[in-house]
Amino acid sequence: MLLAFVGLGWLCARRLAIDPRPIATLLIYLIAPLTFFRGLILGGPTPTYLLLTLGSFVVASLICLLVQRLVRPFFPAQEAAVLAFSGGTGNTGYFGLPIAMVLLPPEGVTLYLFCLLGITLYEFTVGFYVSARGQFSVRQSLVKIARLPLVYAFLAALLASALEIAIPGPVMDSLAVFPATYTLLGMMIIGMTLGRVTIRELDARFIAACVVVRYGLWPLIALLVVVTLQTTIGIAPELALALLLIGVVPMAANVVVVAMELSIRPEKGAIAVLVTTLVAPLLIPLYLEGLLRLTGLA
């Protein structure tokens with residue numbers, strides 16, 4: 001179904017000449033913050049859950065900074081910025097969440113969601129800043145982050161939970177439309193961007209770098225994190241599976257959304273996202289089976 005949304009976006013770009021930039025702005029400044037706020041409120045943040053959010057945020061940020069340092073000598077500034085941003089994130093929401101709901105019990109899905117929230121927070125803070133630095137000064141990049149409402153949505157949800165402020169039922173019911181809208185428009189933007197791509201813009205080196213980071217580095221880091229936690233403090237099997245799943249999902253659609261908003265080569269990001277998404281149904285079962293065996297969970 002996700003690929004069908006991509007195809008729908010491609011059709012809109014080719015036949016209707018729809019500009020995806022306003023849609024990217026709408027996602028970043030309205031739909032994503034409200035989706036994030038709703039998820040936190042429904043999840044009922046506890047110190048344990050928020051520790052997962054913090055942990056995934058820190059890991060994603062560190063991977064982003066590592067990838068940025070590694071690719072900077074080999075790629076132009078804008079392409080290096082897209083690579084660095086994509087290095088810290090994955091399609092944990094649109095693609096990973098439906099898989100998590102099939103593989104995990106309800107408690108495991110909740111654990112997965114709070115890990116997902118940490119990665120989403122990374123996308124619109126550290127990731128957004130690193131992406132902006134591919135084109136803007138430090139001051140301009142910080143100003144852009146300060147304007148992002150997702151950070152304030154996160155703080156508002158934490159404040160409402162801490163003060164035990166009940167969000168009215170009709171308000172929460174109204175917010176229920178945003179997760180599906182987030183998924184639909186996020187995947188359609190990939191198709192819209194691809195609809196404007198010519199064959200000359202295919203960059204095998206850039207795509208290869210994205211694939212290596214997403215399907216080489218991330219599974220290894222997920223495995224190391226799970227094994228480390230198992231041998232130190234011990235973790236529940238459902239949390240281990242949630243962490244491993246985060247490590248094997250394809251590239252995030254938000255790579256294109258952020259690149260579109262900042263005008264930093266969104267077409268290259270769209271091609272790489274499509275490639276990793278197309279191979280995901282084949283690779284994810286193989287990766288999960290191997291990782292579960294290595295962690296003793298199979």
Notebook entry, point to check: Taking the inter-plane angle between the rings of Tyr215 and Tyr287 on a 0 to 90° scale, is it parallel (under 30°), tilted (30 to 60°) or perpendicular (over 60°)?
Noted result: parallel

Margin query: Within the structure provided, determine whether Leu117 and Tyr49 are in side-chain contact (heavy-atom separation under 4.5 Å).
Written below: no

Item checked: Side-chain touch Leu155/Leu159, heavy atoms, less than 4.5 angstrom -> no

Item checked: Nearest heavy-atom neighbours spanning Phe36 and Leu121 -> CE1-N, 4.2 Å

Notebook entry, point to check: Taking C-beta and beyond as the side chain, do Val67 and Ile63 meet within less than 4.5 Å on heavy atoms?
Noted result: yes

Checklist line | Point-to-point distance, once rounded to the nearest 0.5 Å, from CZ of Phe178 to OG1 of Thr35 | finding: 7.0 Å

Margin query: Tell me whether Ser86 contacts the main-chain N or O of Leu83 through its side chain, where contact means a donor paired with an acceptor under 3.5 Å.
Written below: yes

Next item on the list: Go through the steps for Phe206 and Val82 under the test side-chain contact (heavy atoms from CB on, under 4.5 Å), then give the verdict.
Entry: CA-CA 10 Å; Phe206 181 86; Val82 175; 3.8 Å; yes

Checklist line | With sequence neighbours excluded, residues passing side chain to side chain donor-acceptor pair (under 3.5 Å) with Glu79 | finding: Lys268

Check: So, for Ala280 and Pro285, which heavy atoms are closest and what is the spacing to 0.1 Å?
Finding: O-CD, 4.1 Å

Next item on the list: Output the distance between atom OH (Tyr29) and atom CZ (Phe124), rounded to the nearest 0.5 Å.
Entry: 10.0 Å

Checklist line | Donor-acceptor under 3.5 Å (Ser161 side chain, Ala157 main chain) | finding: no

Next item on the list: Verify the cluster assignment for Leu244 and Leu224: are they in a single hydrophobic cluster under the rule of side-chain heavy atoms below 4.5 Å apart?
Entry: no

Notebook entry, point to check: Is any side-chain heavy atom of Ile41 closer than 4.5 Å to a side-chain heavy atom of Leu175?
Noted result: no

Note to self: If I take atom CG from residue Leu27 and atom CG from residue Leu185, how far apart are they, to the nearest 0.5 angstrom?
What the structure shows: 5.0 Å

Checklist line | Exercise: identify the closest heavy-atom pair between Ala100 and Val109 | finding: O-CG2, 3.7 Å

Next item on the list: Take Thr276 and Asn91 through the side-chain contact (heavy atoms from CB on, under 4.5 Å) test and state the conclusion after the steps.
Entry: CA-CA 10 Å; Thr276 60; Asn91 203 337; over 6 Å; no

Margin query: So Trp218 and Ile246, do their side chains get closer than 4.5 Å, heavy atoms only?
Written below: yes

Checklist line | Contact summary for Val255 and Gly269, nearest pair of heavy atoms | finding: CG1-CA, 4.3 Å

Check: Just by modelled atom types, is the Pro179 backbone N or O under 3.5 Å from a matching donor or acceptor in the Arg38 side chain?
Finding: no

Note to self: For the CD atom of Gln78 and the OG atom of Ser131, what is their distance to the nearest 0.5 Å?
What the structure shows: 11.0 Å

Note to self: Do Leu16 and Val6 land in one hydrophobic cluster if side-chain heavy atoms of ILVMFWY residues count as linked below 4.5 Å?
What the structure shows: yes

Next item on the list: Return yes if some donor-acceptor pair links the side-chain N/O of Thr53 with the main-chain N/O of Phe114 below 3.5 Å, else return no.
Entry: yes

Next item on the list: For atom CZ of Arg293, decide whether the heavy atoms of other residues, nucleotides or ligands shown that lie under 6.0 angstrom number more than 12.
Entry: no

Next item on the list: Begin from the C-alpha positions of Leu54 and Leu50 and carry the test side-chain contact (heavy atoms from CB on, under 4.5 Å) through to its verdict.
Entry: CA-CA 6 Å; Leu54 175 62; Leu50 291 178; over 6 Å; no

Next item on the list: Would you mind reporting whether Val258 and Phe128 have side-chain heavy atoms less than 4.5 Å apart?
Entry: yes

Item checked: Pairs meeting criterion salt bridge (charged side-chain N to carboxylate O under 4.0 Å, His left out) with involvement of residues 13-24, two or more places apart -> Asp19-Arg196

Note to self: If you apply the rule side-chain contact (heavy atoms from CB on, under 4.5 Å), what do you find for Leu243 with Leu229, and how did you get there?
What the structure shows: CA-CA 11 Å; Leu243 295 175; Leu229 292 175; 4.0 Å; yes

Next item on the list: Answer yes or no: is there a donor N or O on one side and an acceptor on the other, between the side chain of Arg214 and the main chain of Thr89, under 3.5 Å?
Entry: yes

Check: How far apart are the closest heavy atoms of Phe5 and Met188, and which atoms are they?
Finding: O-CG, 3.4 Å

Next item on the list: Kindly work out whether a path of hydrophobic side-chain contacts (I/L/V/M/F/W/Y, heavy atoms less than 4.5 Å apart) joins Val249 to Leu220.
Entry: no

Margin query: Return the CG to CG distance between Leu291 and Leu241, rounded to the nearest 0.5 Å.
Written below: 10.0 Å

Notebook entry, point to check: If you look at every heavy atom in Ser56 and Cys115, which pair is closest and at what distance?
Noted result: OG-O, 2.8 Å

Notebook entry, point to check: When hydrophobic residues are tied together by side-chain contacts of less than 4.5 Å, even through go-betweens, does Leu113 share a cluster with Leu158?
Noted result: yes

Notebook entry, point to check: Are side-chain heavy atoms of Val213 and Val71 found at a separation under 4.5 Å?
Noted result: no

Next item on the list: Give, for atom CZ of Phe75 and atom CD of Gln68, the distance between the pair rounded to the nearest 0.5 Å.
Entry: 13.5 Å

Notebook entry, point to check: When you measure from the side chain of Gln230 to the backbone N and O of Thr295, does any donor-acceptor pair fall under 3.5 Å?
Noted result: yes

Check: Tyr122 side chain to Phe85 main-chain N or O, any donor-acceptor pair under 3.5 Å?
Finding: yes

Note to self: Using the rule that Ile, Leu, Val, Met, Phe, Trp and Tyr join whenever any side-chain heavy atoms are under 4.5 Å apart, tell me whether Val177 and Val171 fall into a single cluster.
What the structure shows: yes

Note to self: Tell me whether Tyr112 contacts the main-chain N or O of Glu238 through its side chain, where contact means a donor paired with an acceptor under 3.5 Å.
What the structure shows: no

